[in-house]
Amino acid sequence: MRSISPRTLRNAVIILLIIGLIFLSLGGFLRPILGIIMDPFVAAQRWLSERFMAVYDFFTLPRDVTELLLRNTQLENEVSNLQSQVIQLQEQLREAEVLYSLLDFARSRPQDQYVAAAVIGRDPSPFLHYVIIDHGSDDGIQFGMPVVTQQGLVGRVDAVTASASRVKLITDSSSIVNVRLQNQNEDAQVKGSVTGEVNLEMVSQNITLNPGDILLTSGLGGNYPTDILVGQILNVEKTENNLFQTASIQPVIDFEGLRAILVITNFKTINIQPLIPSAPQ
């Protein structure tokens with residue numbers, strides 16, 4: 001019988017060990033041992049990777065942050081510019097809407113001639129109710145001319161310079177407007193007050209006033225043209241012992257938001273005061 005050489009036996013043992021290790025590995029028996037062997041290498045690799053990324057970020061991150069901050073500033077400036085443009089466009093749109101409304105009003109009363117003006121100032125006193133407009137005598141504006149908007153009566157010109165005018169509003173305490181009730185053949189007066197409230201006065205007790213009744217200029221007194229909308233009645237105050245009844249009025253004009261007006265330039269005011277007889281002494 002032929003004997004097996006030591007070399008062949010060694011090779012066979014090595015092959016059997018390799019095969020055994022493969023089966024043990026496939027069966028999961030060597031996983032704990034491999035974990036013990038490989039864990040130091042994995043930990044070392046992780047440590048090196050973290051250090052490498054830290055060094056990389058140290059050299060690259062500041063530049064990226066600077067670029068991001070610069071870009072963010074540019075975007076913020078662009079947003080601010082766009083917001084400013086939007087605000088300007090909105091203002092232009094509102095101004096155009098006001099001008100179109102004034103034009104429509106002027107077309108509805110072709111018998112009158114107008115000068116359009118912008119409100120450029122207000123009286124700072126809480127007891128006086130005036131606005132300043134940017135047109136004056138150089139534009140044909142004179143003292144006493146009526147002032148309106150597309151909504152209705154504003155007041156009248158109270159003082160004039162070459163390039164500007166002062167308009168006394170109907171809310172001023174010295175303002176008196178002769179009006180008529182739209183639905184009744186009855187004349188009355190609308191008077192301003194120190195607080196800016198507007199009241200209806202000189203109405204007979206025989207007249208029935210209702211909230212919502214419309215008031216138009218009557219033309220009496222020669223200060224305003226006829227049929228310009230003034231306001232409507234809010235509350236009625238009627239006392240039996242008084243000769244006249246009164247009512248609070250809601251003007252049609254938003255005086256706080258007044259931005260543009262029309263001055264009626266072909267209306268000539270008439271001073272009838274000298275024609276009114278004075279009471280006997």
Side-chain angles (χ1 to χ4, degrees), residues 98 101-102 104-105 108-109 112 119 122-133 144-158 166-264 267 269-270 272-273:
V98 171
S101 299
L102 294 177
D104 289 339
F105 177 83
S108 68
R109 296 177 61 94
D112 295 326
V119 174
R122 299 179 184 275
D123 197 299
S125 172
F127 308 111
L128 301 176
H129 300 273
Y130 294 87
V131 295
I132 308 299
I133 59 176
M145 287 182 171
V147 178
V148 297
T149 70
Q150 75 279 8
Q151 296 171 316
L153 184 65
V154 173
R156 58 188 300 204
V157 176
D158 184 68
R166 185 178 68 190
V167 177
K168 179 169 65 176
L169 307 178
I170 63 172
T171 55
D172 188 77
S173 60
S174 64
S175 174
I176 298 177
V177 182
N178 291 306
V179 298
R180 66 177 178 86
L181 298 170
Q182 186 181 43
N183 298 326
Q184 304 184 53
N185 186 23
E186 182 68 20
D187 295 322
Q189 288 183 347
V190 166
K191 193 174 187 304
S193 65
V194 174
T195 60
E197 297 178 352
V198 182
N199 298 301
L200 182 67
E201 300 179 350
M202 305 298 292
V203 182
S204 171
Q205 293 278 12
N206 299 326
I207 300 300
T208 300
L209 298 178
N210 299 302
D213 286 349
I214 302 299
L215 302 174
L216 303 172
T217 54
S218 64
L220 297 178
N223 291 328
Y224 298 98
T226 60
D227 298 330
I228 297 177
L229 186 59
V230 177
Q232 62 182 140
I233 295 176
L234 285 179
N235 300 305
V236 180
E237 183 177 343
K238 188 174 184 180
T239 305
E240 293 182 358
N241 297 329
N242 292 338
L243 184 61
F244 299 101
Q245 59 181 316
T246 61
S248 59
I249 303 301
Q250 175 62 59
V252 293
I253 303 296
D254 176 17
F255 294 102
E256 293 298 326
L258 195 61
R259 301 177 60 185
I261 54 87
L262 291 173
V263 181
I264 303 178
F267 180 81
T269 59
I270 303 173
I272 65 173
Q273 193 64 36

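Along the sequence shown, residues are numbered consecutively beginning with 1.
- With Ser248 contributing its side chain and Asn235 its backbone, the two residues share a donor-acceptor pair below 3.5 Å.
- A 4.5 Å side-chain heavy-atom check between Asp187 and Val179 finds every atom pair outside the cut-off.
- With a 6.0 Å radius and a threshold of 12 heavy atoms from other residues, nucleotides or ligands, Glu237 has its CD atom at or below the threshold.
- Using a distance-only test at 3.5 Å, with no hydrogens or angles considered, no donor-acceptor pair links the side chain of Glu201 to the main chain of Val190.
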Kindly determine whether Asn223 and Val177 satisfy side-chain contact (heavy atoms from CB on, under 4.5 Å), including the steps that lead there.
-> CA-CA 8 Å; Asn223 291 328; Val177 182; over 6 Å; no
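- Across all their heavy atoms, Ser173 and Val194 have their closest contact at CB-N, 3.7 Å.
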Residue pair Leu128, Lys168: steps toward the side-chain contact (heavy atoms from CB on, under 4.5 Å) verdict = CA-CA 9 Å; Leu128 301 176; Lys168 179 169 65 176; over 6 Å; no
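- Contact check for Val131 versus Phe255: no side-chain heavy atoms found under the 4.5 Å cut-off.
- In this structure, Gln182 contributes its side chain and Leu229 its backbone to no donor-acceptor pair below 3.5 Å.
- Proximity of a side-chain donor or acceptor of Ser218 to a complementary backbone N or O of Asn178 within less than 3.5 Å is detected.
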Report the C-alpha distance between Val154 and Leu169 in whole Å, list the side-chain angles of each, state the deciding distance to 0.1 Å, and finish with yes or no for side-chain contact (heavy atoms from CB on, under 4.5 Å).
-> CA-CA 6 Å; Val154 173; Leu169 307 178; 3.6 Å; yes
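- Between Asn210 and Ile233, every side-chain heavy-atom pair lies at or beyond the 4.5 Å cut-off.
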From CA spacing to verdict: side-chain contact (heavy atoms from CB on, under 4.5 Å), Lys191, Ile176 | CA-CA 5 Å; Lys191 193 174 187 304; Ile176 298 177; 4.0 Å; yes
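- To the nearest 0.5 Å, atoms CD (Gln205) and CG (Leu243) are separated by 7.5 Å.
- Side-chain contact annotation: Ser174 with Asp172, donor-acceptor N/O pair under 3.5 Å present.
- Between the Arg122 side chain and the Glu256 main chain, a donor and an acceptor come within less than 3.5 Å of each other.
- In this structure the side chain of Ile132 never reaches within 4.5 angstrom of the side chain of Val119, judged on heavy atoms.
- Here the shortest heavy-atom pairing between Tyr224 and Phe267 reads C-CZ, 3.4 Å.
- Considering Leu258, Ile133, Val263 as possible partners of Val167, the one that fulfils the side chain to side chain contact (heavy atoms under 4.5 Å, CB included) test is Ile133.
- Separation of atoms CD (Gln250) and CD (Glu197) is listed at 10.5 Å; rounding is to 0.5 Å.
- Summarising the geometry, atom CG belonging to Asn183 is positioned 12.0 Å from atom OG1 belonging to Thr208; distances are rounded to the nearest 0.5 Å.
- The local environment of CG in Asn242 is crowded, with over 12 non-hydrogen atoms from other residues, nucleotides or ligands closer than 6.0 Å.
- Leu209 contributes atom CG, which lies 6.5 Å from atom CD of Gln184 (distance to the nearest 0.5 angstrom).
- A donor-acceptor contact shorter than 3.5 Å is absent between the side chain of Thr246 and the backbone of Leu200.
- Separating the CG atom in Leu234 from the CD1 atom in Ile249 is a distance of 7.0 Å, to the nearest 0.5 Å.
- Residues Ile170 and Arg156 fail the side-chain proximity criterion, which asks for heavy atoms closer than 4.5 Å.
- With values rounded to the nearest 0.5 angstrom, Ile253 atom CD1 is found 7.0 Å from Gln150 atom CD.
- Panel note: side chain Thr226, backbone Gly219; no donor-acceptor pair is recorded below 3.5 Å.
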